[in-house]
Amino acid sequence: MYIDIVPNRNSPPAFLLRESYREGGKVKKRTIANISKLPMEVVEQLRILLHGGHAVESFEDSIEVLRSLPHGHVAAVLGTLIKTGLDRIIYLKRAESSRSYWP
């Protein structure tokens, strides 16, 4: 799909959403929608999206991080504990030590 601009002699150009296809070895185009009534900014954004672009010009400028909690280092330590089996050793030591406090 693509946006085709069709010039008119005495009026503004028409913006058409079109699709190209082959029929009998010839390339043909089919008009899906006339988007001439849309604002020019919307037409340009749609054109960017159809060309494989992004809906925003700059991702960094479009969002603001209010709060970020670190978690990667905790996940790395936990994964290492589980891989080495240290989590079971810590659990057993804690279970043994907690039994000594209870009558």
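Just so you know, residue 1 is the first one in the sequence shown, and it goes up from there. Source: prediction; values computed, not measured. Values below: every heavy atom of this structure, side chains too, minus hydrogens, waters and symmetry copies.
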Restricting to non-hydrogen atoms, name the atom on Ala14 and the atom on Asn8 that form the minimum distance, rounded to 0.1 Å. N-ND2, 3.9 Å
Looking only at non-hydrogen atoms, find the nearest pair between Ile5 and Pro7 and report the distance. O-CD, 3.5 Å
Flag side-chain contact, heavy atom, 4.5 Å: Arg47 against Leu50: no
Please report the interatomic distance CG(Leu78) to CG(Leu86), rounded to the nearest 0.5 Å. 11.0 Å
Hphob cluster co-occupancy, Met40 + Ile48, side-chain heavy atoms under 4.5 angstrom: no
Any side-chain heavy-atom pair of Phe15 and Ile35 under 4.5 Å: yes
Taken to the nearest 0.5 Å, the spacing of Asp4 CG from Ile32 CD1 works out to 12.0 Å
With hydrophobic residues grouped by side-chain heavy-atom distances under 4.5 Å, do Leu38 and Met1 end up in a single group? yes
If I take atom CZ from residue Arg30 and atom CG from residue Leu17, how far apart are they, to the nearest 0.5 angstrom? 12.0 Å
Considering only distance and modelled atom types, tabulate donor-acceptor pairs under 3.5 Å from the side chains of residues 20-28, sequence neighbours left out.
none

Closest non-hydrogen contact found for Pro13 with Ser36 is O-OG, 4.3 Å
In Å, rounded to the nearest 0.5 Å, how long is the span from CG of Leu46 to CD1 of Ile3? 4.0 Å
When hydrophobic residues are tied together by side-chain contacts of less than 4.5 Å, even through go-betweens, does Leu49 share a cluster with Val43? no
